[in-house]
Number of protein chains: 2
Amino acid sequence: MSPDHVPEIVVSRIPLYLRALSEMKAAQREITSSQELGDRLGFSSAQIRKDLSQFGEFGKQGTGYNVSFLIEQLQRILKVDQVWDTALVGAGDLGHAVANYGGFLHRGFRIVMVFDNAPHKIGSQAGPFTIQDTAVMEEQIRRHGIKIAMLTTPAAAAQDLAARLVNAGIEAILCYAPTSISVPDHVRVEYIDPVLHLQNMTYYLSR
Amino acid sequence: MSPDHVPEIVVSRIPLYLRALSEMKAAQREITSSQELGDRLGFSSAQIRKDLSQFGEFGKQGTGYNVSFLIEQLQRILKVDQVWDTALVGAGDLGHAVANYGGFLHRGFRIVMVFDNAPHKIGSQAGPFTIQDTAVMEEQIRRHGIKIAMLTTPAAAAQDLAARLVNAGIEAILCYAPTSISVPDHVRVEYIDPVLHLQNMTYYLSR
DNA sequence: TAGATTGTTAATCGATTAACAATC
DNA sequence: TAGATTGTTAATCGATTAACAATC
């Protein structure tokens, strides 16, 4: 139930399972199997079962998994049976797109503040948010007890801002800046850099 | 030199090495070591050396790696010593942000056309591009011999568009839509879904 | 030369898969 | 009951690490 240590690679697949199950639920599927889920995601059924078994027993032999029940369980495991307030740092084009994105809330996240350091942006809107000066960033994050930040600044600004975010109490950073940042061990960082994915694919393309 | 088969996980790290090396070069570093590169990226020096050794011998014992030389070699290996024309499908907020992103060209990619199916968007601008009707998408992609597409549409439209892109000759898709898509074996797909990363991190956060 | 760092081998570690008893 | 599918074990497979000869 409360596993001692689950491999990180297993944890990283649970959100994928949750996403696929949510699609199944939206399509009115009430029951699924490790086979069906695996086919859909390109994993073996054995892997699906093994991964889920790290956290408990969620299925019924001969039947499979109840979609709604498994969704609830995975949401609880990932702690997205609640909504996490997050701060967005960087109000460029990408920051605006992220601020306007409607897909966070029903998956457990809500942007509640947006920061930038450009004087002409401060006070203007990014989606439903008034852009605030990064000068008040630490204070605001601390006051609201925010633990998650998304960083959509240029690479050159990322390391300094990450350090300031950590200092303000941030424990998880989703970094859109195309660079590696260094943070203390208790802080988690995930990266999104589209070019890494593109360069990965061109390796397999013929010229 | 021309390795038979390199594990996918090794290939996926080469773009990271290239990115870090490019930062070093920008900072005027002429020589680096597997130790330094590893420290910077959070990998062991042994892994860096082992990964690079899959493709050839690029270093000098006692000295390390020439940054510029290694950059050239990795660019060649990844086939980003050329610029790849790409098509962008989906001109919403995210599509606009991607169309305006200045970080593609010097890393081997160039968007050359943008498509959407919304009548009020067709003919207007997304960054420097005039948005074209998806009705002419296959024809345009075929005519220009484009092999790479970025998909920034809602999830519901992704599978159908992916099939059409493949039919038009696309061999690599970077899918920003939060869903898994199914394509023939000869087509590669990479995914970007920020929520998967966020849900991964919340597993490790305390409530 | 002495010191440093590569490229590579072998050992270790960890993840995936196959198989099947349990059981719905 | 018969058929189906889980949860789990053991075997396989593959990736990472440690160690060191080679050599710059």
Side-chain angles (χ1 to χ4, degrees), chain A residues 1-18 20-21 24 29-74 77 200 203, chain B residues 1-18 20-21 24 29-74 77 200 203:
Chain A
M1 276 294 180
S2 250
D4 249 355
H5 179 75
V6 178
E8 296 207 5
I9 196 160
V10 173
V11 175
S12 75
R13 283 190 292 259
I14 304 298
L16 272 169
Y17 300 166
L18 176 55
L21 288 161
M24 287 180 189
R29 305 275 289 104
E30 293 184 358
I31 300 288
T32 189
S33 64
S34 58
Q35 183 68 53
E36 183 183 47
L37 200 49
D39 286 349
R40 193 170 178 124
L41 292 168
F43 299 128
S44 72
S45 64
Q47 181 158 80
I48 305 270
R49 292 197 303 279
K50 187 117 213 298
D51 284 355
L52 294 178
S53 77
Q54 298 270 0
F55 303 99
E57 305 187 0
F58 306 121
K60 279 206 179 68
Q61 283 103 323
T63 307
Y65 301 92
N66 178 294
V67 172
S68 294
F69 176 75
L70 188 51
I71 286 173
E72 280 169 27
Q73 296 306 308
L74 298 188
I77 289 164
N200 187 328
Y203 176 82
Chain B
M1 275 288 177
S2 248
D4 248 357
H5 180 74
V6 178
E8 297 207 5
I9 196 160
V10 173
V11 175
S12 75
R13 283 190 293 259
I14 303 297
L16 273 169
Y17 301 165
L18 177 56
L21 288 161
M24 288 181 187
R29 305 274 290 104
E30 293 185 358
I31 301 288
T32 189
S33 65
S34 57
Q35 182 68 52
E36 183 183 47
L37 200 48
D39 285 350
R40 191 170 179 123
L41 292 168
F43 299 127
S44 71
S45 64
Q47 180 159 81
I48 305 270
R49 293 197 302 279
K50 188 116 215 295
D51 284 356
L52 294 178
S53 76
Q54 297 272 357
F55 302 99
E57 305 188 359
F58 306 120
K60 280 205 179 69
Q61 283 103 326
T63 308
Y65 302 91
N66 179 292
V67 172
S68 293
F69 176 74
L70 189 51
I71 286 173
E72 280 169 28
Q73 296 307 308
L74 299 188
I77 289 163
N200 187 328
Y203 176 81

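Worth knowing before you read on, the calculation uses all heavy atoms, side chains too, and leaves out hydrogens, waters and symmetry mates.
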Roughly how far, to the nearest 0.5 Å, is CG of A/L52 from CG of A/L37?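 Separation between the atoms: 7.5 Å.
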Look up atom CG in B/N200 and atom CZ in A/R13, then write down how far apart they are to the nearest 0.5 Å.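 CZ of A/R13 is found 11.5 Å from CG of B/N200.
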Whichever of B/Y65 and A/F43 has its nearest DNA chain C nucleotide further upstream toward 5':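 Checking each residue's closest nucleotide, the 5'-ward one belongs to B/Y65.
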Tell me which of B/A46 and A/G62 sits closer to the 5' end of DNA chain C, going by the nucleotide each one is nearest to.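 Result of the comparison: B/A46.
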Upstream residue (5' side of DNA chain D) when A/S53 and A/G64 are each assigned their closest nucleotide: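 Mapping each residue to its closest nucleotide by heavy atoms, the 5'-most match is A/G64.
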If we check side-chain contact (heavy atoms from CB on, under 4.5 Å) with A/T32, which of these qualifies: A/N66, A/I48, A/V67?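 Of all the options given, the one that passes is A/V67.
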So among A/F43, A/Y65, A/Y17, which one has a side-chain contact (heavy atoms from CB on, under 4.5 Å) with A/S34?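 Among A/F43, A/Y65, A/Y17, the one meeting side-chain contact (heavy atoms from CB on, under 4.5 Å) with A/S34 is A/Y65.
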Take atom [atom1] of [X] and atom [atom2] of [N], then tell me their distance rounded to the nearest Å.
X	N	atom1	atom2	result
A/L70	D/dT6	CG	C1'	13 Å
A/Q35	C/dT17	CD	P	12 Å
B/R49	D/dA18	CZ	P	11 Å
B/N66	C/dT6	CG	P	13 Å
A/F58	D/dT8	CZ	C1'	15 Å
A/Q54	D/dT8	CD	C1'	11 Å
B/I31	C/dA4	CD1	C1'	13 Å
B/Q61	C/dT6	CD	C1'	4 Å

For a quick test of reading the model, state the closest non-hydrogen atom pair linking A/P15 to A/S12 and the distance between them.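 That would be CD-O, 3.5 Å.
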Donor + acceptor pair across side chains of B/Q35, B/D39 (<3.5 Å):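 Yes - a donor-acceptor pair under 3.5 Å links their side chains.
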B/S53 side chain to B/R49 side chain, donor-acceptor N/O pair below 3.5 angstrom: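 No, because no side-chain N or O of B/S53 sits under 3.5 Å from a partner of the opposite role on B/R49.
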Per B/E57 side chain, nearest of listed nucleotides C/dT8, D/dT5, C/dT5: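 Nearest to the side chain of B/E57 among the choices is C/dT8.
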Residues in salt bridge (charged side-chain N to carboxylate O under 4.0 Å, His left out) with A/R40, at least two apart?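 For A/R40 the salt bridge (charged side-chain N to carboxylate O under 4.0 Å, His left out) partners, ignoring immediate neighbours, are A/E23.
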Distances for protein N/O vs nucleotides 12-16 of chain D N/O pairs under 3.5 angstrom?
residue : atom : partner : partner atom : Å
D/dT16  : OP1  : B/R13   : NH1          : 3.0
D/dT16  : OP1  : B/Q47   : NE2          : 3.4
D/dT16  : OP2  : B/R13   : NH2          : 3.0
D/dT16  : OP2  : B/Q47   : NE2          : 3.3
D/dT16  : O5'  : B/Q47   : NE2          : 3.1

I want to check something: taking the side chain as every heavy atom from C-beta on, are B/F55 and B/L74 in contact at a cut-off of under 4.5 Å?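 No. Closest side-chain heavy atoms not under 4.5 Å.
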Range-with-range stems of DNA chain D (Watson-Crick or G-U pairs under 3.5 Å, three or more in a row):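 Stems (3+ consecutive pairs) listed as C:3-24 with D:3-24.
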Need one value for B/S34: base, sugar-phosphate or nothing, where a base atom within 4.0 Å counts as base even if backbone is also close, heavy atoms only.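 B/S34: backbone/sugar contact only, no base atoms under 4.0 Å.
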